[in-house]
Amino acid sequence: MAELNQLIGALNHAADVIEENKQHLTELDGAIGDGDHGINMSRGFSFVKKTLDEGGFQTPADLFKKSGMALVAHVGGASGPLFGTAFLRASMALKDKTEINSEDYISILKAAAEGIKMRGKSQAGEKTMLDALIPAYEAGETALSQGKDTQEVLQAVKAAARTGATDTEKLVAKKGRSSYLGERSLGHQDPGAASTALILGAIADYFAAL
Amino acid sequence: MAELNQLIGALNHAADVIEENKQHLTELDGAIGDGDHGINMSRGFSFVKKTLDEGGFQTPADLFKKSGMALVAHVGGASGPLFGTAFLRASMALKDKTEINSEDYISILKAAAEGIKMRGKSQAGEKTMLDALIPAYEAGETALSQGKDTQEVLQAVKAAARTGATDTEKLVAKKGRSSYLGERSLGHQDPGAASTALILGAIADYFAAL
Amino acid sequence: MKKLINQPENSLNEMLIGMAKAYPDYLTRLDNTNVLVRKNLTEQKVAVVSGGGSGHEPTHAGYIGQGMLDAAVAGDIFTSPTPDQIYEAIKAVDRGKGVLLVVKNYSGDVMNFDMAKEMAEMEGIAVEQVIVNDDVAVEDSTFTTGRRGIAGTVLIHKIAGAAAERGWDLQKVKETAEKAIKSIHSMGMALSPCIVPSAGKPNFTLAEDEVEIGTGIHGEPGTHREKIKSADEITQELFDKIQADAPIQSGDDVALMVNGMGATPLMELYIVNNKAHDLLVSLGAHIHRTFVGEFMTSIEMAGMSLTVLKLDDQLKSLLDDAADTPALKVIKK
Amino acid sequence: MKKLINQPENSLNEMLIGMAKAYPDYLTRLDNTNVLVRKNLTEQKVAVVSGGGSGHEPTHAGYIGQGMLDAAVAGDIFTSPTPDQIYEAIKAVDRGKGVLLVVKNYSGDVMNFDMAKEMAEMEGIAVEQVIVNDDVAVEDSTFTTGRRGIAGTVLIHKIAGAAAERGWDLQKVKETAEKAIKSIHSMGMALSPCIVPSAGKPNFTLAEDEVEIGTGIHGEPGTHREKIKSADEITQELFDKIQADAPIQSGDDVALMVNGMGATPLMELYIVNNKAHDLLVSLGAHIHRTFVGEFMTSIEMAGMSLTVLKLDDQLKSLLDDAADTPALKVIKK
Ligand SMILES: Nc1ncnc2c1ncn2[C@@H]1O[C@H](COP(=O)(O)OP(=O)(O)O)[C@@H](O)[C@H]1O
Ligand SMILES: Nc1ncnc2c1ncn2[C@@H]1O[C@H](COP(=O)(O)OP(=O)(O)O)[C@@H](O)[C@H]1O
Ligand SMILES: [Mg+2]
Ligand SMILES: [Mg+2]
Ligand SMILES: [Mg+2]
Ligand SMILES: [Mg+2]
């Protein structure tokens with residue numbers, strides 16, 4: 001599926017998409033949180049881009065590790081440790097692989113989700129980024145088991161993440177800042193789920209366009 | 001011109017007129033001061049009314065003294081010590097007279113003006129209550145020297161005070177809070193001059209209606 | 001947005017420099033970080049570190065000094081600081097007796113402090129953490145994020161700081177802070193919103209005759225909105241909510257805090273204090289100490305919060321211990 | 001008008017009760033007056049009394065205590081107190097060594113304090129008076145009322161209070177305060193107006209992009225209005241006006257105060273402090289002490305004032321003397 005250079009391209013594209021959606025993410029967070037999710041993500045991913053520009057990565061694992069460190073150090077808020085942990089877990093799952101295939105992609109998404117669960121003491125159905133990420137890797141697993149090709153797997157992940165994010169509107173928040181609203185969080189999309197769907201979508205789009 | 005009872009009536013009427021003009025005086029003060037002159041005067045004169053109701057005055061001097069003390073203790077701000085001193089000086093000027101004539105009236109206005117000058121370190125032309133009071137007693141002196149009767153003297157005082165107050169619009173404030181505005185105080189009537197004209201007008205009206 | 005700032009993105013940095021310049025005897029900035037550290041650290045004591053998003057000044061750095069904090073980590077405005085920053089603070093103040101982190105219960109703060117704790121522990125530093133969750137406006141539940149930490153946190157700084165200054169060990173300092181956290185309850189309200197400089201517009205709106213009850217310190221929605229009432233009625237409403245949660249008994253000793261959110265004048269806080277005292281006294285409580293002022297603000301939000309801390313003899317004496325910080329000084333008699 | 005009050009006409013009274021309840025160790029209310037008096041008056045010292053209109057909290061009563069005021073007389077909001085009240089304060093605190101009145105230069109305050117002084121002198125009490133007029137926004141002239149007294153007054157309380165606490169006699173306390181008054185200069189600005197509760201509406205209006213430069217502490221008009229600029233530019237503008245009036249020379253020792261008017265958050269005051277420090281340092285001044293916070297407010301006006309006090313050795317050491325009051329504490333090192 002991808003070598004180091006392509007992974008760098010994919011992450012760069014994801015960072016651009018986050019930047020384009022800064023305002024949108026902030027508005028989502030404004031409705032049920034403190035209105036900074038777009039700002040946090042844009043700040044964090046601008047440092048990811050800086051890391052990507054500096055280059056010098058040994059392996060995909062190294063790439064994810066350094067990107068994850070950039071996220072941990074610059075996103076702040078709740079999403080910083082969560083996306084950071086997700087990237088660091090992805091890195092650990094890759095060990096010293098030099099390129100990754102679609103199976104690897106799904107297993108790093110799964111490892112990322114496990115990391116978020118651990119760090120956030122959270123699980124599916126609590127109206128968080130997990131509600132985009134878990135359906136996404138599950139859809140990927142299904143596609144793989146049906147023998148779909150890489151592009152199809154990536155598109156299945158993208159579509160499921162998007163649907164998962166949209167469906168968070170039907171959930172009552174149990175974790176994060178929006179949980180303070182209880183029932184009042186219904187009818188709003190979770191910003192972290194939205195940014196997760198954007199990132200997974202950007203990765204799929206990048207490889208589709210290669 | 002007046003015995004104790006009529007003086008009580010006149011002061012009562014003056015207090016009512018101040019109360020009716022509370023808002024107006026406050027607006028004048030809002031333009032070039034701190035917007036409390038009506039509030040201060042209304043509070044002070046409500047205590048004058050209380051003093052008048054309690055009664056038990058020995059002489060006109062006693063009446064002015066107790067009213068002056070009420071003003072000193074309840075008006076506050078700049079106008080409190082000034083109107084208070086004015087009333088106390090009026091009281092001193094009356095000594096133990098049991099009734100007062102129009103000459104007495106003019107001389108207590110003059111004594112009041114002297115008290116204000118001393119207390120306020122002020123003089124004519126500085127855009128203060130003196131610019132209503134000084135022309136008022138001067139008009140009264142002229143009327144007296146022309147042999148006018150009591151009602152005519154009172155009306156002359158009223159008219160001159162009114163004109164004096166209006167003419168403060170043409171003065172640059174040199175004393176009191178409005179002096180901080182310098183030239184910006186031009187075009188506005190001095191609130192203390194306005195209240196002085198109201199009081200002297202109310203006294204004239206009271207005796208005219210007897 | 002009408003503010004005394006320069007470029008919004010420089011506000012945090014300029015504020016930290018401005019604080020360091022204001023209090024050179026108390027604190028100093030750790031190079032290349034948003035960490036302010038106590039000058040003349042007391043050797044041989046547990047260090048107490050707190051932090052969180054900025055915009056709550058004087059919280060947190062205002063409480064650096066004798067008997068309170070050894071370091072404060074400033075995040076961006078209303079955004080938790082990152083683990084690397086917290087880690088730098090821990091390293092800077094550890095004197096070999098360990099470090100207590102006082103964290104407000106927000107997912108972001110908890111997770112970032114958690115990661116920093118892990119990083120410090122990997123370096124062999126003993127770190128413990130307490131989570132302040134005094135806001136009774138939010139439902140208490142172990143299945144959710146639970147209650148927010150608000151103004152009561154300042155009194156936890158005071159108590160943990162005094163315990164550390166006495167030379168107690170990390171475990172005892174932590175247990176004492178946890179005891180105080182169990183006994184502290186707060187509830188706030190807002191009259192008007194606040195503006196995060198980089199956002200440039202208010203984070204919520206209220207009608208001219210409306211107040212929000214139960215607001216957090218970032219303008220998070222509260223329990224409900226209502227028509228504005230008298231200060232006495234609003235104080236009663238907040239107090240009842242606290243009382244429903246943690247009933248005051250006759251004879252209880254308490255500390256009371258009336259905290260201003262930023263734009264509400266002291267005059268109004270004293271009027272609220274007048275009523276809050278009456279309510280406590282009518283229940284038979286003894287008010288050991290009263291704090292009225294701006295302790296944990298929400299930029300320029302108008303509003304206030306009430307905090308009631310039940311005291312045993314130990315907590316009383318820790319509150320009475322000397323403290324010498326820019327924003328809170330207790331002079332021992 | 002959105003305020004945490006009950007009946008507007010009760011605000012002053014409820015505020016005073018609320019203060020007395022908050023600080024029982026520091027002050028007590030004189031029966032049937034609006035006077036707050038220091039608990040445990042130091043015997044055998046000159047008493048220092050201040051006061052003025054309310055709405056400037058923590059001024060004046062917040063400065064009652066060791067090393068500052070012995071009594072504070074509260075007038076109605078933005079209205080000078082009356083002579084009878086001031087007289088009661090003087091009588092309550094005189095210990096036979098005389099009383100110094102610290103008065104802000106407003107016609108009303110000056111005349112009411114004058115009358116009270118006359119009343120006390122008739123009773124044989126030695127009374128002296130100093131008039132603070134630090135506001136360089138107003139032209140200085142002996143033919144007019146002259147300059148207003150604003151936030152610098154708090155530092156005069158500190159200095160006069162320290163001098164009295166040292167046991168100096170009335171004449172020396174007065175002369176020291178007068179020396180400090182000659183060396184203190186302030187200038188303020190407003191971002192938004194304030195509302196006197198009994199008036200119910202703002203005392204002036206400013207457009208969304210407008211600020212008023214040179215405003216007094218009652219929302220009195222300043223020197224001019226202008227489009228809002230950066231914090232650095234506004235600080236520079238106020239500072240230049242102070243500097244034009246009382247130039248700082250290289251090597252001068254100064255105290256700097258950045259005072260918040262009520263609604264302006266501490267964050268912004270620190271940003272201003274950052275710039276003000278730079279300006280002083282660039283002139284070669286040595287900043288002996290910095291005060292950042294709300295010392296003399298204008299109810300809930302947004303804005304700030306700068307105060308620069310030039311110090312000789314005597315004033316430095318008086319500023320450094322211990323003070324223990326609700327709103328200002330100096331712990332002697
Ligand atoms: N415990 C948690 N587990 C998983 N995701 C969480 C948790 N807490 C918060 N989140 C995610 O973080 C997002 C908010 O991120 P952000 O706004 O950047 O941080 P903050 O809430 O601190 O302002 C939420 O929309 C949610 O998806
Ligand atoms: N030194 C003075 N001499 C004479 N009158 C004065 C002096 N200072 C102020 N005044 C009068 O007082 C009036 C203001 O009174 P008021 O608003 O009640 O007090 P304050 O200015 O303290 O709010 C002015 O309009 C002016 O007429
Ligand atoms: Mg957020
Ligand atoms: Mg006035
Ligand atoms: Mg946030
Ligand atoms: Mg006034």
Side-chain angles (χ1 to χ4, degrees), chain C residues 2-7 11 14-19 21-25 54-55 57-58 62 77 191-192 194 208-209 211 228 230-232 234-235 258 262-275 277 287 290-294 297 299-300 302-304 324 326-327 329 331 333, chain D residues 2-7 11 14-19 21-25 54-55 57-58 62 77 191-192 194 206 208-209 211 228 230-232 234-235 258 262-275 277 287 290-294 297 299-300 302-304 324 327 329 331 333:
Chain C
K2 227 177 189 180
K3 283 181 184 285
L4 288 169
I5 57 172
N6 299 300
Q7 294 305 312
S11 294
E14 289 170 357
M15 169 179 86
L16 292 173
I17 306 176
M19 288 193 87
K21 286 178 180 167
Y23 311 119
D25 298 344
S54 295
E57 293 67 34
I77 292 161
L191 294 157
S192 75
C194 57
E208 185 44 45
D209 62 348
V211 298
I228 188 165
S230 71
D232 283 358
I234 290 174
T235 306
V258 180
T264 288
L266 256 181
M267 177 189 296
E268 298 176 28
L269 301 182
Y270 286 122
I271 291 172
V272 168
N273 183 53
N274 178 33
K275 178 68 178 180
H277 260 252
I287 302 165
T290 307
F291 301 84
V292 182
E294 293 181 348
T297 59
I299 319 182
E300 76 282 68
M304 58 93 186
D324 185 9
K329 293 182 177 69
I331 297 177
K333 308 274 151 136
Chain D
K2 226 176 188 181
K3 281 180 184 286
L4 288 169
I5 57 172
N6 298 300
Q7 294 305 311
S11 293
E14 289 170 357
M15 170 180 85
L16 293 172
I17 306 177
M19 288 193 87
K21 285 177 180 166
Y23 311 119
D25 297 344
S54 294
E57 293 66 35
I77 293 161
L191 294 158
S192 75
C194 57
L206 281 171
E208 185 45 43
D209 62 348
V211 299
I228 188 165
S230 71
D232 283 358
I234 290 173
T235 305
V258 180
T264 288
L266 256 181
M267 177 189 298
E268 298 176 28
L269 301 181
Y270 286 120
I271 291 172
V272 168
N273 182 54
N274 178 34
K275 178 69 178 177
H277 260 251
I287 302 165
T290 307
F291 300 85
V292 182
E294 293 182 348
T297 59
I299 319 181
E300 76 282 69
M304 59 94 183
D324 186 9
K329 294 181 176 71
I331 297 177
K333 307 276 149 135

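Labels below follow one simple rule: chain letters A, B, ... track the order of the sequence lines, proteins then strands, and each chain is numbered from 1. Only this structure's heavy atoms are used, side chains among them; waters, hydrogens and symmetry mates stay out. Keep in mind the model is a prediction, meaning the values are calculated, not measured.
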Chain D contacts, top residue of C/I5, C/I228, C/V292 (heavy-atom pairs, under 4.5 Å): C/I5
Taking all heavy atoms of D/A22 and all of C/T290, pick out the closest pair and write down the distance. O-CB, 3.7 Å
Donor-acceptor under 3.5 Å (D/N6 side chain, C/S230 main chain): no
Do C/I77 and D/M267 have side-chain heavy atoms sitting under 4.5 Å apart? yes
side-chain contact (heavy atoms from CB on, under 4.5 Å) partners of D/T297, counting only residues at least two apart: D/E294
C/P326 versus chain D, heavy atoms under 4.5 Å apart: side chain, backbone, both or neither? neither
All heavy atoms of D/I271 vs all of C/M15, minimum pair found to be CG1-N, 3.9 Å
Residue part contacting chain D, namely of C/L191, when any heavy atom lies under 4.5 Å: both
Work out which heavy atom in C/P265 is nearest to a heavy atom in D/E300; give both atom names and the distance. CD-CB, 3.9 Å
Using side chain to side chain donor-acceptor pair (under 3.5 Å) as the criterion, list what pairs up with C/K21, not counting sequence neighbours. D/N274, D/D278
Bottom line for C/Y23: the part with an atom under 4.5 Å from chain D's heavy atoms is side chain
Considering only heavy atoms and a distance below 4.5 Å, find which of D/G55, D/G262, D/P24 pairs most often with chain C. D/G262
